[in-house]
Every structure is written in C-alpha cells, then in structure tokens.
Amino acid sequence: MKPWMIAVILGAAAIAYAFLLPKRQADKSSSDKEKMVQEVEATLEQYMADIERENVELVELISQMKQETTSKQLAQQEQLAEMRQRLVHLEQQALQYEARITDLEQGSRQAESLLMAQVREMAAAKPGDSVEEERLHTELQVSAEEPKEPSICERYPELFEFHAQGKSVDGIAKLVGMQKGEVQLILQLAKQEGSL
C-alpha cells in the first residue's frame with residue numbers, strides 16, 4: 001500500500017475516533033446531570049414532606065388550642081351564671097331582711113303608741129294614782145330605751161368612710177375585703193335607710 005493511503009486511513013480513523021470521544025464524554029456528563037437532577041428532586045421531595053408534616057402538626061396544635069380556649073370559655077360562662085344566681089339570691093335575702101326590719105320597726109312603733117295610749121287612758125281614768133302612772137311611765141321609758149339594731153352605717157363604718165372619701169365601689173371592695181356586689185348592696189340599703 002502506498003504511504004499516502006496509509007496516511008488517509010490513519011487520518012480517517014483519527015477523525016472517527018475524535019467524533020466518538022466527545023460522544024462518550026457527553027454520555028458521561030448527561031448521566032452526571034441526570035444523577036444531579038434526581039438528587040435535587042429527592043431533596044425537594046424530602047423538603048416538601050417535612051413542610052407538609054410541620055403543617056399537619058401546626059394544624060393539630062391550633063385545633064388543640066381552640067378546644068382548650070372553648071372549654072375555658074364554657075367554664076367561665078358557667079361560673080359567671082353561678083355567680084349571677086348567687087347575687088340574685090343574696091339580693092332577695094337582703095330584701096327579705098329589709099322587709100323584716102321594717103316590720104319590726106313598725107311593730108315597735110305601734111307597741112310604743114299603744115303603751116302611750118294606755119298610759120294616757122290610765123292617767124285620765126285615775127288622776128290620783130301617781131305610783132301606777134310612774135311605773136307605766138318607767139316601763140315606757142325602758143321599752144323606748146331598748147337597744148335598737150345599729151344602723152347600716154354603724155355596722156360598716158370603714159366602708160362608709162371610704163365612700164365619703166370618694167372611692168369607687170371596686171376600690172372600697174378591695175380595701176374592705178368584700179365582693180363588689182356586697183358593697184353595692186350595702187350602699188343601696190343605706191340609701192333606702194336614709195343614712196347616706
């Protein structure tokens with residue numbers, strides 16, 4: 001064979017080899033790219049799974065908080081209803097006590113006026129019997145001097161002192177150690193009694 005043919009064949013082989021060589025490298029680089037894409041996809045899928053799990057946990061936590069808040073509100077509403085019932089009951093008791101006091105005061109006034117009427121009748125019937133008259137007069141004075149129940153202002157002097165200073169009902173309740181409703185009730189009773 002002639003040397004120029006050998007050179008042509010070797011050149012053609014080199015050219016063919018040159019074309020095949022980048023293809024092999026291209027195959028290697030494309031497989032590396034595919035691996036990298038798969039790794040990125042796997043990482044993104046893991047990240048999305050973590051975010052979804054955290055979202056589920058967050059939703060569960062929020063629902064638990066909502067249930068706890070609802071149960072606390074229900075408990076507070078029940079407690080408030082119970083306190084309202086107690087307040088109504090206390091107000092009714094106070095009104096009953098007030099009515100009893102009024103009845104007792106009226107009864108004592110009537111008894112006093114009856115005794116006075118009897119004394120006058122006896123004095124008019126027996127003008128010379130001063131001993132009997134004096135005894136009845138003494139009984140009348142003793143019955144008139146019987147200790148009366150102290151007024152509401154006398155029973156709660158601190159409360160009315162703070163009220164006179166212009167303190168609020170809440171402030172008075174804290175200072176005296178009573179409930180706000182009790183303080184309001186005492187002030188209302190004092191107004192009705194006429195001592196405030």
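The shown structure was predicted, so the numbers you read here are calculated from the model rather than taken from an experiment. Residue numbers run from 1 in the order of the sequence given.
- Annotation: the span from Leu185 atom CG to Lys180 atom NZ amounts to 14.0 Å, rounded to 0.5 Å.
- The distance from the CG atom of Leu95 to the CD atom of Gln192 is 7.0 Å, given to the nearest 0.5 Å.
- Within the 4.5 Å cutoff, the side chain of Arg53 has heavy atoms near those of the Glu57 side chain.
- Taking CE of Met83 as the reference point, atom CD of Gln76 lies at 10.5 Å (rounded to 0.5 Å).
- Distance check, rounded to the nearest 0.5 Å: CD of Gln179 to CG of Leu87 gives 10.0 Å.
- Residue Glu158 qualifies as open at atom CD: its count of foreign heavy atoms under 6.0 Å is 12 or below.
- Around atom CZ of Phe162, more than 12 heavy atoms belonging to other residues, nucleotides or ligands sit under 6.0 Å away.
- Using modelled atom types and a 3.5 Å distance limit, the side chains of His89 and Gln93 yield a donor-acceptor pair.
- More than 12 heavy-atom neighbours from other residues, nucleotides or ligands sit within 6.0 angstrom of CD on Gln165.
- No donor-acceptor pair under 3.5 Å is formed between the side chain of Glu78 and the backbone N or O of Ala75.
- Salt-bridge annotation for Glu39 and Lys35: absent, with no side-chain N of the basic residue lying under 4.0 Å from a carboxylate O of the acidic one.
- Using a 4.5 Å heavy-atom threshold, the side chains of Val183 and Tyr156 count as separate.
- Looking only at distances, a side-chain donor or acceptor of Glu193 sits under 3.5 Å from a matching main-chain atom of Ile152.
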Quiz item: What's the verdict on side-chain contact (heavy atoms from CB on, under 4.5 Å) for Gln77 and Leu74, showing C-alpha distance, side-chain angles and the deciding distance?
Solution: CA-CA 5 Å; Gln77 287 175 351; Leu74 288 174; 4.0 Å; yes
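- Val88 is listed as a side-chain neighbour of Gln92, based on a closest heavy-atom distance under 4.5 Å.
- Follow the hydrophobic side-chain contacts under 4.5 Å out from Ile101 and you never reach Leu189; the two are in separate clusters.
- Met178 has its side chain within reach of Leu159: a pair of non-hydrogen atoms, C-beta onward, lies under 4.5 Å apart.
- Salt bridge status for Arg100 with Asp103: absent, with no side-chain N to carboxylate O gap under 4.0 Å.
- Rounding to the nearest 0.5 Å places CD1 of Ile172 at 9.0 Å from CZ of Phe160.
- Put simply, the side chain of Glu154 gets close to the backbone of Ser151: a donor and an acceptor are under 3.5 Å apart.
- At a threshold of 4.5 Å between non-hydrogen side-chain atoms, the residues Met48 and Glu45 do not count as touching.
- Residues passing the side chain to side chain donor-acceptor pair (under 3.5 Å) test with Glu82, sequence neighbours excluded: Arg86.
- The environment of CZ in Arg84 is sparse: at most 12 heavy-atom neighbours from other residues, nucleotides or ligands sit within 6.0 Å.
- By the 4.5 Å heavy-atom criterion applied to side chains, Glu41 and Leu44 are not counted as neighbours.
- Around atom CD of Glu105, more than 12 heavy atoms belonging to other residues, nucleotides or ligands sit under 6.0 Å away.
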